[in-house]
Engineer: 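Before I ask anything, let me first share the structure, which is written out below as structure tokens.
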Amino acid sequence: MSTSLFTITDKPISIEEVVQKVIRPEAGAVTTFIGTVREFTNGKRTLFLQYEAYVSMAEKILEQIGNEISERWPEAKVAITHRIGRLDISDIAVVIAVSTPHRKDAYEANQYAIERIKQIVPIWKKEHWEDGTEWVGNQLETKAYPTGKPEGEDLA
Amino acid sequence: MSTSLFTITDKPISIEEVVQKVIRPEAGAVTTFIGTVREFTNGKRTLFLQYEAYVSMAEKILEQIGNEISERWPEAKVAITHRIGRLDISDIAVVIAVSTPHRKDAYEANQYAIERIKQIVPIWKKEHWEDGTEWVGNQLETKAYPTGKPEGEDLA
Amino acid sequence: MITLLFFSYLKEAVGNEQIKMEYTPITVKQLKQQLETNYGLDLQHVMVAVNEEYAQEGQLLQPGDTIAFIPPVSGG
Amino acid sequence: MITLLFFSYLKEAVGNEQIKMEYTPITVKQLKQQLETNYGLDLQHVMVAVNEEYAQEGQLLQPGDTIAFIPPVSGG
């Protein structure tokens, strides 16, 4: 495992290891967010996902998110690990751990982290369906490009 | 480990085991809350804590909290393990895991669970300081009774 | 018979985790008053559970009941 | 020289993860337009990072820059 707080890995993620990076005597609360591969999205069955990242930049941007959190919640400590490569149903794609002295901050800072990851961290996932593949094309995970490229109104 | 979703234990808690109880193909988001023993509370150093529970009732009430969550967030699945006995600094006292299809619900339901635990689950902690011991006397963890009983304005 | 259970600082104040008492048809509130007198306790902020369910002050006790005195909780 | 990096569906559309180009003093925006013409791409919703930092459209490229084309991300 990496001892860095902000890591991209192609190995399964250990939740305990990510949590251990933020546990400390002055913090009484740790929240984690664990993103897992969901089988059905909008009624369509996913067989597996392929995640790809611009690894060096993604780790930098994760660290930037950590800095943004430190500005907003100075007492928070954050660790984030994101997995890439092939992930099957229920595999863990991302673990975000935040420790704070008080629990409200731990929830808020954690939620901030996942929202920012979905906005700016250069990681992409390709859905593998029974009848084809699609790169998921926007941050809200609501659009896909069946041809592999944006088309129609997304090009407007 | 117990396979029950709502458990009191006198053994160290495995985060992975609690999380595994709620991971499922239809859920893409798991949040956890991990309560750890904080070294300093209001500037006073804790050496260790002793947790005590009315075990049979506490497990029932945890299950009741699970039912309350199911009413408010029908798609959520919840598991809670609380440890009792002696806990040292940074030991894990409680793990709450909530899985949902969508992440916002996972944060909200998780926070609901910890608030309810602090209100109604019959578990108590005794602080062991350098200069004595104190049962923590109210849900907000702001009051202690140095004589071991409520006194002064708390009796008014 | 009824069984009384004490936790946290109440257990230390009473000096016992469990007390068996003869059954008499009284309410939760009356039992609390009786214990306050006999043991010099303050039970104002103490909740009561009868057979592992939180009870109202007006609930009438039944023979065989287990009555637990629940000081403000501090789990989590 | 400058280095161009492509990810996600852009990598498949361009048919290459990485392209080396002769340096010419152009902006991010001009480079995008050039690629849109040459490869038939739509880069309107594609962010650009220069040397691993998100760049404005008006930024002037420097020799040795690594320019990454970042389609809407979908991590998490």
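Lettering follows sequence order; numbering is per chain, from 1.
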Engineer: Output yes when a side-chain donor or acceptor of B:His82 lies under 3.5 Å from a complementary backbone atom of C:Gly75, and no otherwise.
Structural biologist: no
Engineer: With rounding to the nearest 0.5 angstrom, report the CH2 to CG distance, B:Trp135 to C:Leu10.
Structural biologist: 10.5 Å
Engineer: What distance do B:Lys126 atom NZ and C:Glu12 atom CD have between them, rounded to the nearest 0.5 Å?
Structural biologist: 3.5 Å
Engineer: Where the side chain of B:Trp124 meets the backbone of C:Pro71, is there a donor-acceptor pair that is under 3.5 Å apart?
Structural biologist: yes
Engineer: Atom CZ of C:Phe69 and atom OH of B:Tyr54: how far apart are they, to the nearest 0.5 Å?
Structural biologist: 11.0 Å
Engineer: Between B:Lys60 and C:Glu53, is there a side-chain N and carboxylate O pair less than 4.0 Å apart?
Structural biologist: no
Engineer: Kindly compute the distance separating CD (B:Glu134) from OG (C:Ser74), expressed to the nearest 0.5 Å.
Structural biologist: 11.5 Å
Engineer: Nearest heavy-atom pair of B:Ala93 and C:Gly76: which atoms, and what distance?
Structural biologist: CB-O, 4.1 Å
Engineer: One pair to check against side-chain contact (heavy atoms from CB on, under 4.5 Å): B:Met57 and C:Tyr54. What are the steps and the verdict?
Structural biologist: CA-CA 10 Å; B:Met57 181 172 168; C:Tyr54 286 111; 3.5 Å; yes
Engineer: Does B:Lys104 NZ have over 12 foreign heavy atoms under 6.0 Å away?
Structural biologist: no
Engineer: Considering residues, nucleotides and ligands other than C:Glu17, do more than 12 of their heavy atoms fall under 6.0 Å from its CD?
Structural biologist: no
Engineer: For B:Ile117, is it the side chain, the backbone, both, or neither that has a heavy atom closer than 4.5 Å to a heavy atom of chain C?
Structural biologist: both
Engineer: Assess whether atom NZ of C:Lys29 is packed by more than 12 heavy atoms of other residues, nucleotides or ligands within 6.0 Å.
Structural biologist: no
Engineer: Set out, in order, the CA-CA distance, both residues' side-chain angles and the distance that settles side chain to side chain donor-acceptor pair (under 3.5 Å) for C:Glu52 and B:Ser56, then state yes or no.
Structural biologist: CA-CA 8 Å; C:Glu52 303 184 354; B:Ser56 54; 2.5 Å; yes
Engineer: Just verifying a value: how many Å separate C:Ile70 CD1 and B:Ile61 CD1, rounded to the nearest 0.5 Å?
Structural biologist: 8.0 Å
Engineer: Please flag which part of B:Ala58 lies under 4.5 Å from any non-hydrogen atom of chain C: side chain, backbone, both or neither.
Structural biologist: neither
Engineer: Would you mind checking which part of B:Tyr51 comes under 4.5 Å of any heavy atom in chain C, side chain (CB onward), backbone (N, CA, C, O), both or neither?
Structural biologist: side chain
